[in-house]
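Just so you know, these numbers use all the heavy atoms, side chains as well, and skip hydrogens, waters and symmetry mates.
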Amino acid sequence: QVQLVESGGGLVQAGGSLRLSCAASGRTFSTWTVAWFRQAPGKEREFAAAINPMADYYQDSVKGRFTISRDNAKNTVYLQMNSLEPEETAVYYCAGGWEPNETSAPDYIYWGQGTQVAVSS
């Protein structure tokens, strides 16, 4: 049984930073693609960033501000978020899969429960 557990969400002022963590248990995920998606109230879930063994990918709006990284020894993926904006208030979800289209949520097999990020203006 694979589980993904997110942590690190919280309340931050606009312009602030947070680091999210996604810890995987039940299986080593060094060969997976792991992604972060986010869903704001009343909106569809959207892709934020992804990392596979070869590269990382970002939604255009977060490039230069968000950095995704992984520590395979800890089975953990991180999302460092800087210069956060109020519009980025959302539940952030971690997802894992094998060779997905990185930006496509249905392509991911495993999902965490989400962690709330709130950015105040």
| field | Residues which pass side-chain contact (heavy atoms from CB on, under 4.5 Å) with A90, listed by chain and number, not counting sequence neighbours | value | R38, A40, Y92
| query | Is L11 reachable from L84 through a run of I, L, V, M, F, W or Y residues, each pair having side-chain heavy atoms under 4.5 Å apart? | reply | no
| field | Joint hydrophobic cluster, L79 plus V5, side-chain heavy atoms closer than 4.5 Å | value | no
| field | Separation of L18 CG from Q80 CD (nearest 0.5 Å) | value | 8.5 Å
| query | When the aromatic ring centroids of W36 and F66 are compared, is their separation below 6.0 Å? | reply | no
| Are Y58 and L20 joined in one hydrophobic group, where the rule is that I, L, V, M, F, W and Y side chains link up if heavy atoms are under 4.5 Å apart? | yes
| request: List the atom of S121, the atom of A14, and the distance in Å for their closest heavy-atom pair. | output: CA-CB, 4.4 Å
| request: Quick one: name the residues clustered hydrophobically with Y108, using the 4.5 Å side-chain heavy-atom rule over I, L, V, M, F, W, Y, and just say none if it's on its own. | output: F37, F47, Y57, V91, Y93, W111
| request: Give the intermediate values and the outcome of side chain to side chain donor-acceptor pair (under 3.5 Å) for residues D71 and S69. | output: CA-CA 7 Å; D71 184 337; S69 62; over 6 Å; no
| request: Determine whether more than 12 heavy atoms belonging to other residues, nucleotides or ligands lie under 6.0 Å from atom CD of E85. | output: yes
| query | When rounded to the nearest 0.5 angstrom, what distance separates CD in Q3 from SG in C94? | reply | 12.0 Å
| remark: Minimal heavy-atom distance between A35 and E102, with the atoms involved, is CB-O, 4.4 Å
| Qualifying side chain to side chain donor-acceptor pair (under 3.5 Å) pairs, either residue in residues 8-26, two or more places apart | S17-N82
| query | With a 4.5 Å heavy-atom cut-off, do Q116 and T89 have their side chains touching? | reply | yes
| Can you find a heavy atom in the side chain of E88 that is under 4.5 Å from one in the side chain of M81? | no
| task | Check each of N52, D107, D56 against T33 using the side chain to side chain contact (heavy atoms under 4.5 Å, CB included) test, and report the only one that passes. | result | N52
